[in-house]
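See below for the structure under consideration.
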2 protein chains.
Amino acid sequence: MSTPGRGLHGHVLDTLGPEITAGEYPPGSVLRTDELAQRFDVSRSVMREAVRVLESMYLVESRRRVGVTVRPKSEWNVYDPQVIRWRLAGSDRPWQLRSLTVLRSAVEPVAAGLAARHATAEQCAELTECALGMVAHSRGHKLEGYLLHDVAFHRVILEASGNEMFARLGDVVAEVLTGRTQHDVMFEDPDPAAVTLHVQVAEAVRAGDSARAEELTREITVGALQELDILAP
Amino acid sequence: MSTPGRGLHGHVLDTLGPEITAGEYPPGSVLRTDELAQRFDVSRSVMREAVRVLESMYLVESRRRVGVTVRPKSEWNVYDPQVIRWRLAGSDRPWQLRSLTVLRSAVEPVAAGLAARHATAEQCAELTECALGMVAHSRGHKLEGYLLHDVAFHRVILEASGNEMFARLGDVVAEVLTGRTQHDVMFEDPDPAAVTLHVQVAEAVRAGDSARAEELTREITVGALQELDILAP
DNA sequence: GACTCTTGAATTAGTCGTACCTAATGGGTT
DNA sequence: AACCCATTAGGTACGACTAATTCAAGAGTC
């Protein structure tokens, strides 16, 4: 899924990216290209390419006579999949998961509503299949299989919305769901109510009931928020 | 706001980026680094840096013995501000505006709801100021001043939500609002109802009424959808 | 004869190192 | 305070070499 060590500059990014996104260099810190090249034992050309990528992620800014300065967190392109992965692997993972879950709570209900109008017959079938797969793996510590279908379910919803911006969040949702299962909560079987909701969403989409699909999905995301103690009083 | 021609590689991107995002090269098309370097009259080093940036945006993929292949639209990082600007400047601008407006309709209401809980006194004041500014410029063909306050208003809302993912959409919303005023609809004064809604949102946020702020903002975004003939029956 | 497997030549990106250019910066001078 | 210049670190160019992958020709097999 990721883009590991694609060439030397990729290897450099695999180390430097996480360091920066972890906040190891405070905003305004200055990195020198030559020093970095020495540190990673690569040529200046390779180092420059890596810096260009970091620059395009708004993580750093390169200025003459000054060096490569780290930009404040508020300017980072937090939607870059690579940046998201780096941050999820770092120390502010909990914070990152919260931000992404809130984003989900905003996007997924609307996406489900749109999916109810735009989904093809094939997508409806896929959705039902995913929901049934979740039911089948909802008991007896089959978390792995459950996760697989859960991820696929939300991916289809986002895809079927017909909105490209929503569709591209499939990877993000996958990361959140995967992370949640593997590291944080959910040591036991998933909440039966959540499973039921997924089945009902699939049915609502199939029936073309936009409002119902949206509302049911909102309930799902509210559950996700509650799992992280993000209240909505 | 943008990052214009920062060095030669930036100049190359200013031309090549719009071409790719405009779909001038069908998915799978191959570009050769050397040819591109010749075409733009830059060294291979510079061209390679430009390719690295395009690669980090998931617009192209570079493989040995094959060249730089253009990736399908569905894989582009459509949240990259640069990509958004390129597409907004290109031929599928209308489609892009629709996607972004739908995204707004999902995000902004939730953001407003959060803002009602998290906004600081200073942010509330700013919000009120923006709303009043909108009122002041709502009549007499003062579209420029109106737009300025409108953009600022939505920026503050997204910022005050306390969610970094929402906050980073400020630039996107700014582009949408600016684009709408400059190119498409709105040759006359803005809809008075919309202006009123903004004032009411500011008041709801100030009062900490989360549900009301969310609902009012939803009405604003519904209006934006209707302007683009995106129905919600 | 048709098919598969191996091998090697051609091609293109990847890497490196050097040399030189350019522009911000900061200190020293007037 | 205004100005000038040496310093410094990134920006650009070029050339040589490396390495991986594709493709096609040829050997071997059924």
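Quick note on labels: first sequence line is chain A, next is B, and so on, each numbered from 1.
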Inset, instruction - Indicate yes or no: at least one non-hydrogen side-chain atom of Q82(B) is less than 4.5 angstrom from one of N77(A). - result: no
Legend entry - Short side-chain donor-acceptor distance under 3.5 Å, T217(A) and E108(A): no
Inset, instruction - With the side chain counted from C-beta on, respond yes when V83(A) and Y58(A) share a heavy-atom pair under 4.5 Å apart, and no when they do not. - result: no
Inset, instruction - Would you mind reporting whether H154(B) and R104(B) have side-chain heavy atoms less than 4.5 Å apart? - result: yes
Inset, instruction - State, yes or no, whether a side-chain contact exists between W95(B) and R87(B) at a heavy-atom distance under 4.5 Å. - result: yes
Legend entry - Pairwise side-chain contact, F166(B) with L114(B), heavy-atom cut-off 4.5 Å (strictly under): yes
Inset, instruction - Using a strict 4.0 Å threshold on nitrogen-to-oxygen distance, state whether R52(A) and E55(A) make a salt bridge. - result: yes
Inset, instruction - Identify the 5'-most and 3'-most nucleotides of DNA chain D with at least one atom closer than 4.0 Å to a non-hydrogen atom of chain A. - result: dT7(D) to dT12(D)
Inset, instruction - Look at all strands and tell whether R32(A) reaches a base, only sugar-phosphate, or nothing, counting heavy atoms closer than 4.0 Å. - result: sugar-phosphate
Legend entry - Side-chain touch F40(A)/V46(A), heavy atoms, less than 4.5 angstrom: no
Inset, instruction - Please report the C-alpha distance between H198(B) and D150(B) in whole Å, then the side-chain angles of each, then the deciding distance to 0.1 Å, and finally whether the side-chain contact (heavy atoms from CB on, under 4.5 Å) criterion is met. - result: CA-CA 9 Å; H198(B) 282 77; D150(B) 195 9; 3.3 Å; yes
Legend entry - Nucleic acid contacts - residues 43-54 of chain A versus DNA chain C, non-hydrogen atoms under 4.0 Å: S43(A), R44(A), S45(A), V46(A)
Inset, instruction - Assign each of D41(B) and V66(B) to its nearest nucleotide of DNA chain D by heavy atoms, then name whichever residue's nucleotide is nearer the 5' end. - result: D41(B)
Legend entry - 5' precedence on DNA chain C between R65(A) and H9(A) (nearest-nucleotide basis): H9(A)
Legend entry - Option among L16(A), V30(A), V68(A) that satisfies the side chain to side chain contact (heavy atoms under 4.5 Å, CB included) test with Y25(A): L16(A)
Legend entry - Range on DNA chain C touched by chain B, heavy atoms, distance below 4.0 Å: dA10(C) to dT15(C)
